Amino acid sequence: MNVLVIGGGAREHAIVWKLSSSPQVTKIFTAPGNAGTAMIGTNLDIAATDVEELLSAAQTNHIDLTIVGPETALEVGVVDRFRAEGLTIAGPTQAAARIETSKAFAKNLMVKYNIPTGKAELFTSYEDAMPYAHQAAMPIVVKADGLAAGKGVTVCQTRDEAILALWNAMEDQVFGSSGDQVLVEECLFGQEISVFTFTDGVHLSPLVAACDYKRIGDGDQGPNTGGMGSYSPPRVWDDALSEQVMTEIMAPTVKALAAEGCPFQGVLYGGIILTEDGPKVIEFNARWGDPETQTVLPRLESDLVDSYLASINGAVDKATIEWSEEACVGVVMVSGGYPAEYSTGMSINGLDDMEEDVTVFHAGTRAEDGIPTTSGGRVLTVTAKGQSLEQARERAYNNVSRITYENAQYRSDIAK
Ligand code: AMP
Ligand code: GLY
């Protein structure tokens with residue numbers, strides 16, 4: 001098969017890396033890709049949201065299977081468009097992807113189908129939200145309805161912060177039309193985990209779980225980022241919790257989406273807080289997580305192509321989808337200054353000097369005269385497997401320290 005992967009981050013490099021070990025795969029194309037995906041297959045200089053160009057590239061290159069990485073491509077309906085042209089593509093339709101692209105849609109669905117989640121109110125104007133913000137108990141969480149590159153959620157400790165967050169989203173429109181509607185949600189307390197399943201709209205594969213780190217600094221200090229590291233599995237994750245999350249959250253959600261006329265096919269991601277009252281959903285995503293993918297896919301023992309094909313063909317119940325017992329830890333290396341201003345163009349050294357069971361996934365990199373060079377804020381995810389999280393963690397950091405580029409920065413407490 002010729003496979004096209006849409007996206008260009010470390011998540012997509014991890015998908016491409018895993019696909020390359022499948023005996024079913026001949027050629028892999030990535031659009032737009034990065035220096036890491038270019039080492040495995042062919043990069044196509046097409047943006048992940050340029051549906052028409054992606055479609056024509058898929059036809060020209062005789063692509064048998066397309067896999068969608070980022071939510072932005074799902075939001076513009078890449079799956080619907082490819083299917084309309086008779087192409088095989090893994091991922092949810094635009095309507096099913098609303099579970100991620102509209103927090104109002106997701107919240108209404110969860111309320112209607114009794115899926116455990118925080119209480120929330122939906123507002124369509126700043127004036128309407130104000131009285132609520134003035135009387136609500138703090139802390140409170142303000143969420144822009146639409147996609148906002150991970151920046152649309154503000155956990156507000158004080159009333160002033162809540163009012164400012166509402167103003168930013170609804171009056172200042174810092175997230176554009178994504179802030180036309182805003183959810184004000186009860187703050188939940190507990191450990192946060194990310195769980196993933198392949199689903200064909202009816203059946204779900206056994207869950208796999210990970211934890212991610214969003215803040216730039218050690219001890220969760222400083223501003224939010226696109227993700228600074230992750231590990232899998234979480235220490236709290238066991239069969240009982242997996243069963244509970246499956247029966248109370250993931251399976252009912254897949255059933256609910258089908259009942260609403262938009263069956264979900266692809267990878268469904270539940271963002272969950274383990275509260276005193278049990279697991280509750282803080283968000284759903286319609287795709288793999290970044291950086292969770294980088295620590296989850298190295299644990300996949302079965303053929304990734306089979307999982308994707310099963311999600312398309314209604315055969316997830318018959319597919320072999322197996323996760324290893326091993327642990328995996330991923331440390332994200334970023335450009336100094338990120339998530340604010342940073343410089344690019346630094347040559348990266350040490351990538352050829354990695355230990356066994358260590359894989360480096362590229363994000364903001366490009367090859368300049370064959371030399372990998374930084375080209376973005378998040379540069380690499382260095383992942384290591386081990387018999388325990390402690391072993392994987394030690395191995396990951398040993399190898400992070402072998403990689404050098406000017407102003408490299410990373411957290412030292414991933415999986416600690
Ligand atoms: P999201 O963009 O939905 O992933 O939210 C970003 C982060 O905000 C999450 O990873 C949580 O840490 C936090 N968050 C979102 N919703 C809640 C909530 N209801 N209670 C507490 N924290 C939340
Ligand atoms: N790890 C958070 C996300 O992928 O949205």
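This one's a predicted model, so the numbers in the text were calculated from it and none came from an experiment. Just follow the structure's listing: the first ligand is 1, and inside any ligand the first atom is 1.
- The nearest heavy-atom contact from the protein to atom 2 (O) of ligand 1 is Val153 CG2, 3.4 Å.
- Protein heavy atom nearest atom 4 (O) of ligand 1, with residue, atom name and distance: Glu283 OE2, 2.6 Å.
- Taking a 4.0 Å cut-off on heavy atoms, Cys187 registers as neighbouring ligand 1.
- Nearest to atom 22 (N) of ligand 1 by heavy-atom distance, out of Asp220, Asp212, Leu183, Ile273, is Ile273.
- Between Arg98 and Glu75 there is no salt bridge, since no side-chain nitrogen of the basic residue lies less than 4.0 Å from a carboxylate oxygen of the acidic one.
- At least one heavy atom of Lys143 lies less than 4.0 angstrom from ligand 1.
- In this structure, atom 13 (C) of ligand 1 lies nearest to the protein heavy atom Val155 CG2, 3.9 Å.
- Among all protein heavy atoms, the one lying closest to atom 18 (C) of ligand 1 is Val141 CG2, 3.6 Å.
- Salt-bridge annotation for Lys119 and Glu185: absent, with no side-chain N of the basic residue lying under 4.0 Å from a carboxylate O of the acidic one.
- Which parts of ligand 1 touch Lys103 is read off a 4.0 Å heavy-atom cut-off, strictly below it: atoms 3 (O).
- Note on residues 237-278: pairs passing ring-ring contact (aromatic ring centres under 6.0 Å, His included), not counting sequence neighbours, are Phe196-Tyr269.
- In this structure, the side chain of Ser335 does not engage the main chain of Tyr338 through any donor-acceptor pair within 3.5 Å.
- Given atom 17 (C) of ligand 1, the protein heavy atom at minimum distance is Ile282 CG2, 3.6 Å.
- The N/O atoms of Leu188, backbone and side chain alike, include one that comes under 3.5 Å of an N/O atom in ligand 1.
- Distance from atom 10 (O) of ligand 1 to its nearest protein heavy atom, with residue and atom name: Glu192 OE2, 2.5 Å.
- Ligand 1 places these atoms under 4.0 Å from at least one heavy atom of Glu185: 16 (N), 18 (C), 19 (N).
- Taking the ring pair (Phe, Tyr, Trp, His ring centres under 6.0 Å) definition, one finds that Tyr132 meets it with Phe123, sequence neighbours left out.
- Across Val296, Leu268, Ile67, a single residue satisfies side-chain contact (heavy atoms from CB on, under 4.5 Å) together with Trp288, and that is Val296.
- Note on Glu192 versus Lys214: salt bridge recorded, some NZ/NE/NH1/NH2 to OD/OE distance being below 4.0 Å.
- Ion pairing between Lys416 and Asp218 fails under the 4.0 Å rule for side-chain N and carboxylate O.
- For Asn2 (side chain) and Asn61 (main-chain N/O), a donor-acceptor pair under 3.5 Å exists by modelled atom type.
- With hydrogens and angles ignored, the 3.5 Å screen pairs no side-chain donor or acceptor of Asp145 with any backbone N or O of Ser178.
- Look at Arg411 and Asp220 and you find a salt bridge, because one of the NZ, NE, NH1 or NH2 atoms lies within 4.0 Å of a carboxylate O, short of that distance.
- For Tyr308, the ring pair (Phe, Tyr, Trp, His ring centres under 6.0 Å) partners at least two apart in sequence or on another chain are Phe198.
- Within 4.0 Å of ligand 2, heavy atoms belong to protein residues Asp212, Tyr269, Asn285, Arg287, Gly289, Asp290, Glu292.
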